[in-house]
Each structure stands twice: as structure tokens, then as C-alpha cells.
Amino acid sequence: MADTGDNVHLTVEFSGGLEMLFSNRRKHSVSLPKISPKGTPVTIDFLVKYLCDHLMKDSRKDLFIMEDNVRPGILVLINDSDWELEGEADYEIQPNDNIMFVSTLHGG
Amino acid sequence: MDQTIRNLREQISLCERQLHALKVQLNNAEERAILEAQAKPEMSFDLSGGGQDAWQMEILGVLGHESPRKNAWPLMPQEYKRYGRQLILPEIGLNGQLRLKNTSVLIVGVGGLGCPAAAYLAGAGVGTIGLVDGDIVEESNLHRQTLHTTEKVGMSKVDSATFYLKSLNPTIKYVSHRTHLNPQNAPDIFRHYDLVLDCTDNPASRYLISDLCVLLGKTLVSASALRMEGQLLILNYPPRAPGDSSGGPCYRCVFPKPPPAETVVTCGEGGVLGPVVGVMGVLQALEAIKVIVDDSHLLSSQSETPSLLLFSAYGTPPFRSIRLRSRRPRCACCSEQPSVSLASLSSGSLDYQLFCGIANPANILNPRERVSPREYAKTLVTTRSVLDRGLPKDHVLIDVRERVQFDLCSIEGSINIPFSQINAPVRSNPSTREQSVASSSSPSTNPDQNAMEVDGKVSEGQRNELVMPWVHFIHKAALEKPIYVVCRFGNDSQVTVKKFKEAGLDLSGRRWVGDIKNGLRGWRTHVDKDFPEY
Ligand SMILES: [Zn+2]
């Protein structure tokens, strides 16, 4: 997929069991409009809702989001960094970003 | 017969405990003998064949050793041999070895992580190793908990591990804490150690252990594993007082809120591969050694930010390091105004179980919608529900475990619709073929197989355009017969019954739809003792 003027392409990864909610695939290529319907650049917040509506293959949305946010126990990583270092949900998605959602594991 | 077997097992287990205690005593006695022998070097001079000549005394004098009775070297002679291969590494060296020897490490949890971690730390010569675990060894532990052996099933995990470790390295000290950690007993255990390894398996312990490490100023090496993946974190490194932002983040900084209890998957539910959890335990030992020999916290200051290591057996690449945040300014534990304190721990005002929540067993059906395993078995007998072409004649039994579990073992005549399919999102295109449906009557050769697949032409379920992909299949397979749902423990089956009714599968009350209580676990307990337990 080549970058078109209106879309931004990125890689989304799931780990820690979240991949089971997304067709059992860890890595997905995702294409988002550069500008959200609100007229602002697309953010992680937009991506999360987009994934929920378009990519998730499980009706149990609460395994991924809670009160419109990523649920507790999931780390969001932007290009291998905790999203808290990058502005969290307001981070504006850049072309070729790698966004990873990791569910914490507890077994031992 | 069962009673005889039980009695014999108990007797054997008792004898093994006695034998173990004797071996521990013997070990200790031998250890003392070794140390005493070293304290009398003239003995070894005699043994080496040469007498203690005047010239030897002279040389020792020149070397500055006033008396041959005193060991002039920082380590015992056998320690140079035992640790020789790591002593010559510049990262360890004599100073590193002495640090290891003078350090005490607490390992909480002697399972899949704790076993390999303890073995490598004991092997490396950590002076004191404390083990905390209140569990006993079970057969289902053995594939990954490498210190326990088949004959130790039923023994305390701490005892079993200590037995192995003493034979691996009898020259260090082991401390047993045969208990589950709780806020009241934990501070007194933790106080005596320099470094802590979290090798536990649930969120409540992880928060408790992290809180204590911050409050008592200890670095924490935390790991976890499930299925084919593992995670590793070094927390409170460097260990600084709450409010000191130069300290490393704690577990609460990274995960301020615990995950909802329903989303927490245990190894028993999700499965785990031995080498996967083993890798994580070995890495914990490695990181612990690095922290111990790095007295000046050089390591932690070299790497700009704390990190989380992710391991995934099938990942490309399998290891990934993630940059984490530093201490959270309003962390409940390590910030300037923490709400967690030693006082709040000991008073019991902090309830970690409550904080993390408890996943209650589902209880969403009324008694009329449920049958016990025995009642279901009776139905089979009284209605002479013989199998007709692989399926029972007068009802359908739907097993909602995932396919891999269904393939392990299933009740004859049951049909598999995995719970993940039940939860698939509503699709507007009902012609999608359902591929995950299987029958327990040799699906590959069953002539019904094609007939059972969804052909998208069954109209009864199509009350609206959005149709669950499995609804047509069930209408076709069950016609108007009662539907029984079974799962592993009796939780998913209840959720499924509710979903079936929402999808109209009860035909407005004309058809009975319900589940089998306690699932296949109950089936094994009350009906079929030979049904495999996994
Ligand atoms: Zn903190």
C-alpha cells in the first residue's frame, strides 16, 4: 500500500493475548484518514476506536476498552516507547508508526 | 481401593518428608565438616604428602601470611573452583563474587519462574536465598517447574526446591517461608533481604510485592509468562525513598490500575509452555546478578530510561525492549504523598484482593436453565438417547471450549462451537461458512459434516439482517430439540445460553436451552471418572 495524500499507513501489533481478539494475528497493516471527521489530525484515541469498530473480531469490547479508554492492564507503545512518554491518547499518528498494544501477563 | 491408594500415598509422602529432613541434616553436617577441615590447614598439608617444613613457614612469612591457620584469600579455596568460570569474567571478578556472597535474595513463588531463577542464583553463589511459597507440588507443575520431581508431588514447593538447591550448592544459606504472602506477614519476611524476585502468578501479589519493595527500599526483578509469551521488568532501580524522582518506577507507576479481574488469565486457563516461562526465570536470575554486582547503580544510570522486555516465542524478533516511563509524580506508592505505607499494610486497611477484584464464577442463569452432570447423564439413559449418526437423537449437546481442548477429549455426540466464535461480532453477511464447527464423532469421516455446515439458506434465524454466524448452524443441527451447553468449568456455558436465548434459539420458550453445571469438571467428578483431567 503506497501512501496516498489522504491516508496515513501504520503498523499495529497486539501481544499478551490481545491478538486473539484481532483474528489471532499479531501484526496488522492499518490505513487511517490523515484528518479525522472532526477536522483534526488522527490520534491514538481515534485509532483505538477505529480498531474497535473495524478490526476487532470479538464482541467483548470490554476486553480492549473501558470507558472509552484502553482498559487497565494494557500498555500502549508508540515505536517501542510507553505512550506516556509521547503524549498518550493525544499523540498524533505519523506515517509508518508502529503502535503496539500489550496486555500484561500475570502467570508464573 | 481408592482408600488404599490414598493411604499408601500418604505413608510414602510422610517417609519422603522424613528422608528429606534427614538428608538436610546430613547436608548441614557435611557442610560443617568441610568448613572445619578448611579451618585446619595443617590437615590438608598432611594429606598433600609433605610435612610442614620450616621453609614453608618461611615462604608463608614472606607472603605476609602470619599463620597458615588463617585463610588469607577472600574466598574459600573451593569457592575459587566452584565459581571459577564466572570469576574470570571482567563483569564479575572477585568483587562481584564477594557481592554475590554477601547478598540475600528473596524469591517469591517457587513455580515456573522461581525454579530456574533460584537454581541459577544458587549456582552463582548468592549468599542467602529465601523462598516463599505456600503451595504444594502438583503433577501439572512438573512440565515447567524444573526443581520439582515426580516423587515430590504433594510436598511443599519450598521444601522440594530447597532439597534440590542444597544438592546443587550446599555452601550457601537457604531460608524457607512455607506460606502465602499477605500484607501482614510480608514486611517481616522482606526486611531480611537485599533484593526481591517476583515469581508469582497473580496481580494482587504483584502490587503487594512492589509496594513492599518501595517501602523497604529494595530493587525488584519482576517477570511473568503465559502461553508463548513473557514479560520482564526491573522496578525501583535504583531503589530510592518515596518522593525521590531519581528512583526507578514501581509496579504502580507502570500499571496504576489493576486489570479487570475477568481479563486476568491464569496458566491453568490459558496454558503455558515450559521453556517460555523458563526463559523468563533465567532472565530474572541474570538481571538479579547484574543488579547485585553493579553496586554503584551504574547500569541503571547508563540506560536512560527503565525498560520492559517482551518475549514472544513466535514473535519476529522474539525479544523486544520497550522504553518505560520514570516514576509517576502522583504514584500511590513511590511519590511524595503516597497512600500506601507500612502502617496501612499492617493495619489491614489495604486489601489487595479487593483492589484487584475477584472474578466471580458466572451465576447468570436461573436453576431451571441448568442441569447437574448427573441429571444430564440420567437424561441420556431414561430417554434412551442413542446416538444417531454420531449425534444424540432427542437433543443436542454443544461444547463451547476452544477447538484444541475439544480435540483433547469430549463427550460422545457433542458438537463444538468455540466460545471465541460465540463471541464473534455480529456480521451482516450470513453466508460466511462456519469453519470451526466440529463434531466429536470423528469429524473427518462424518457424512453429516457437509450437512452441518452453514449454507446460509436457513431462514428461521434471519429475523433481522445482523445474524450471529452460528445461529443458522444450530437451527439446522437442533431443529426443535432441547439444547444443552457444556464447557470446562461451567462459566462460559452460562454466557453462551444467555446469548443463544438472545439470538432467539429458545423459539420463544418452546425449546429448552440450558447448561450443564460445573462443566466437564463436574462431569468427571460425578459421572465419568475416566474423563481426562487437564
Ligand atoms: Zn510508583
Side-chain angles (χ1 to χ4, degrees), chain A residues 11-28 50-88 91 97-108, chain B residues 108-109 111-114 198-206 223-227 229-231 253-260 262-272 277 280-281 305-308 310 312 314-316 320-326 328 420 422-426 468 499:
Chain A
T11 303
V12 176
E13 291 188 70
F14 301 99
S15 147
L18 290 175
E19 67 280 3
M20 289 186 225
L21 305 176
F22 294 87
S23 324
N24 261 314
R25 268 178 57 201
R26 300 172 54 86
K27 217 177 239 188
H28 297 254
Y50 178 90
L51 294 175
C52 240
D53 295 340
H54 295 93
L55 208 59
M56 197 164 166
K57 288 284 180 280
D58 199 298
S59 58
R60 292 170 291 175
K61 304 288 180 204
D62 52 346
L63 294 182
F64 188 55
I65 53 167
M66 228 171 106
E67 291 156 10
D68 286 337
N69 287 310
V70 177
R71 74 155 167 81
I74 294 179
L75 283 178
V76 186
L77 308 167
I78 300 168
N79 301 321
D80 285 346
S81 291
D82 190 339
W83 72 339
E84 301 201 14
L85 298 169
E86 308 282 345
E88 299 191 45
Y91 170 84
D97 268 351
N98 178 297
I99 314 289
M100 191 172 189
F101 298 88
V102 184
S103 175
T104 48
L105 309 174
H106 299 284
Chain B
V108 189
L113 296 166
D198 184 345
C199 302
T200 63
D201 60 0
N202 64 86
S205 324
R206 292 189 184 277
S224 60
L226 185 72
R227 302 190 183 99
E229 294 184 313
Q231 296 170 354
C253 293
V254 187
F255 305 109
K257 280 189 202 164
E262 316 81 66
T263 65
V264 175
V265 183
T266 65
C267 290
E269 295 156 356
V272 66
V277 64
M280 303 318 294
T305 54
S307 66
L308 161 71
L310 303 176
S312 174
Y314 287 102
T316 46
R320 259 168 96 159
S321 185
I322 302 302
R323 288 195 313 135
L324 286 184
R325 56 159 310 122
S326 49
R328 189 177 287 274
S420 57
I422 304 280
N423 284 298
V426 173
M468 302 290 178
K499 288 209 170 221

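Here is how names work: the chains are called A, B, and so on, in the same order as the sequence lines, proteins then strands, and each is numbered from 1. A quick note: this is a predicted structure, and the numbers were derived from the prediction, not measured.
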In a table with atom names and distances, give each donor-acceptor pair under 3.5 Å that connects a side chain of residues 15-23 of chain A to protein atoms at least two apart or in another chain.
residue: A:Ser15; atom: OG; partner: B:Glu229; partner atom: OE2; Å: 3.3
residue: A:Glu19; atom: OE1; partner: A:Gly17; partner atom: N; Å: 3.0

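Atom OG1 in B:Thr263 sits 11.0 Å away from atom CZ in A:Arg60 (nearest 0.5 Å). From B:Leu324, atom CG reaches atom CD of A:Glu84 across 9.5 Å, with rounding to the nearest 0.5 Å. Note that CG of A:Asn98 and CZ of B:Arg320 are 5.0 Å apart. Values are rounded to the nearest 0.5 Å. Of the inter-residue distances, the one linking B:Met280 atom CE with A:Leu105 atom CG reads 8.5 Å to the nearest 0.5 angstrom.
Here the closest non-hydrogen pair linking A:Gly107 and B:Cys267 is CA-SG, 3.8 Å. The two atoms that bring B:Pro259 and A:Gly73 nearest to each other are CB-CA, 4.1 Å, heavy atoms only.
Of the two parts of A:Lys61, neither the backbone nor the side chain holds a non-hydrogen atom closer than 4.5 Å to a non-hydrogen atom of chain B. Heavy-atom distances place both the backbone and the side chain of B:Pro203 under 4.5 Å from chain A. If you measure heavy-atom distances from A:Ser103 to chain B, the contacts under 4.5 Å come from the backbone alone. For B:Asn202, the part lying near chain A is the backbone, with the side chain staying farther off; criterion is any non-hydrogen pair under 4.5 Å. In this structure, the portion of B:Ser321 lying under 4.5 Å from any heavy atom of chain A is its backbone and not its side chain. No part of B:Thr266 comes within reach of chain A, as not one of its non-hydrogen atoms sits under 4.5 angstrom from that chain. If you measure heavy-atom distances from B:Val277 to chain A, the contacts under 4.5 Å come from the side chain alone.
No other option in B:Thr200, B:Asp198, B:Val272 has as many heavy-atom pairs under 4.5 Å with chain A as B:Thr200.
Proximity of A:His106 to B:Val265: side-chain heavy atoms (C-beta onward) are nowhere separated by under 4.5 Å. Side-chain atoms of B:Val254 and A:Thr104, non-hydrogen and from C-beta on, never get closer than 4.5 Å to each other. Under the 4.5 Å side-chain criterion, counting only non-hydrogen atoms from C-beta, B:Arg323 is in contact with A:Leu85.
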Inset, instruction - Decide yes or no on side chain to side chain contact (heavy atoms under 4.5 Å, CB included) for B:Leu310 and A:Val102, but give the supporting numbers first. - result: CA-CA 9 Å; B:Leu310 303 176; A:Val102 184; 3.9 Å; yes
Inset, instruction - Step by step, work out the side chain to side chain contact (heavy atoms under 4.5 Å, CB included) result for B:Arg325 and A:Asp82. - result: CA-CA 6 Å; B:Arg325 56 159 310 122; A:Asp82 190 339; 3.7 Å; yes
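Under the 3.5 Å distance criterion, with hydrogens and angles disregarded, no donor-acceptor pair is assigned to the side chains of B:Thr316 and A:Arg26.
Side chain of B:Ser224 to main chain of A:Gly108: no donor-acceptor pair is present (N/O by atom type, distance under 3.5 Å, no hydrogens or angles).
For B:Glu262, the side-chain hydrogen bond (donor to acceptor under 3.5 Å, both in side chains) criterion is met by no residue, not counting sequence neighbours.
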